[in-house]
Every structure is written in C-alpha cells, then in structure tokens.
Colleague: 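Would you mind keeping the following structure in view while I ask a few things?
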Amino acid sequence: MKKLMVTNNTPREAIQLYYGLKEAGVSSMLEWWDGKKSIDIAISRVKLNIEIDTEYHMMTHEQAINDLEEAMHSFQNGFTTIRIPHVLIKYYLKETVTNILGIMEGLRVHIKAI
C-alpha cells in the first residue's frame, strides 16, 4: 500500500474507504485509469467513480473548471463521479460506506431501468 501511495499519490483515506467497501462486500478498484486520469476508487458494476478530496482551501475558478470537465468526461462515458472530503472518511468511515451503498443501490436501479 505504501508503494501505491507514493507512486500514485493515493490518499490514505482512499485505501481506508477501499477496505471499508470491501468489508461491506463491494468489489471496487483502487487507482483505476478512466482513459484520462487515475480515479481513486472505481466501482464499475454501477459505474461509480469516487474521488477523495484531501486539500481544503479556497477553490479557484481553474480548479472548479477542472472538476467540472472531469465530471463531464465521466458522464460522457456513462459514469457518475462523487467527491468525498477526506475528513469524512477519517472520522465517519462506517457512515460513509453506508451512504455509498445507498448511492450504489440508486445507480443499480437506474441501470436496470435503462
């Protein structure tokens, strides 16, 4: 895991969330390449990308545009991207996993409807 953190700049909280999801029975991938960039956690069965926000500072317009473009890229490929603050995982891992399971269920229903 240390190699993954150093090589890909993977947040510690992404690894914690990965194992929390795994414990809940969710098959996910760490540092999945989406064709444009590496995604912290991807759950391909429901087309969900999870990004962990590790830095809190005033968002610049450049960062906002970059985030919007990344979301557009994901949607164009049929994926939903959510961003989770690292402190949420650090202090509320169980609740975060529970909410992601709820999001997955909603996405699963939507996929079946199509």
Colleague: Taking salt bridge (charged side-chain N to carboxylate O under 4.0 Å, His left out) as the cut-off, I'd like each qualifying pair that reaches into residues 87-104, sequence neighbours left out, listed once.
Modeller: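 Listed by first then second residue: nothing to list.
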Colleague: Of all the heavy-atom pairs spanning Pro11 and Asp40, show the shortest one and how long it is.
Modeller: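 Smallest interatomic distance, heavy atoms only, reads CD-OD1, 3.7 Å.
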Colleague: Does Trp33 share a hydrophobic cluster with Ile41, counting links as ILVMFWY side-chain heavy atoms below 4.5 Å and allowing steps through other members?
Modeller: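 No: no chain of side-chain contacts under 4.5 Å links Trp33 to Ile41.
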Colleague: For Ala24 and Leu101, which heavy atoms make the closest approach, and how far apart are they?
Modeller: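 Smallest interatomic distance, heavy atoms only, reads CB-CD1, 4.2 Å.
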Colleague: Which donor-acceptor pairs under 3.5 Å do the side chains of residues 42-51 make with protein atoms, sequence neighbours left out?
Modeller:
unit_1	atom_1	unit_2	atom_2	d
Glu51	OE2	Lys37	NZ	2.8

Colleague: Please list, chain by chain and in numerical order, all residues satisfying side-chain contact (heavy atoms from CB on, under 4.5 Å) with Glu23, sequence neighbours excluded.
Modeller: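 Expected list: none.
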Colleague: Please go through Met29's hydrophobic cluster and name the other residues, only I, L, V, M, F, W, Y counting, with side-chain heavy atoms under 4.5 Å joining them.
Modeller: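 Hydrophobic cluster check, Met29: joined to Trp32, Ile39, Phe79.
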Colleague: Tell me every residue that passes side-chain contact (heavy atoms from CB on, under 4.5 Å) with Ile89, counting only those two or more places apart in sequence or in another chain.
Modeller: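 Result, side-chain contact (heavy atoms from CB on, under 4.5 Å) vs Ile89: Glu13, Gln16, Leu17, Ile52, Ile84, Leu93, Thr96.
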Colleague: About how many Å separate NZ of Lys22 and CG of Leu30, when rounded to the nearest 0.5 Å?
Modeller: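 It is 10.0 Å, given to the nearest 0.5 Å.
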Colleague: Please list, one pair per line, the donor and acceptor atoms closer than 3.5 Å that link side chains of residues 66-76 to other protein atoms, with sequence neighbours excluded.
Modeller:
unit_1	atom_1	unit_2	atom_2	d
Asn66	ND2	Glu62	O	3.4
Asp67	OD1	Gln63	NE2	2.7
His73	NE2	Asn77	ND2	3.4
Ser74	OG	Glu70	O	3.3
Ser74	OG	Thr81	OG1	2.7

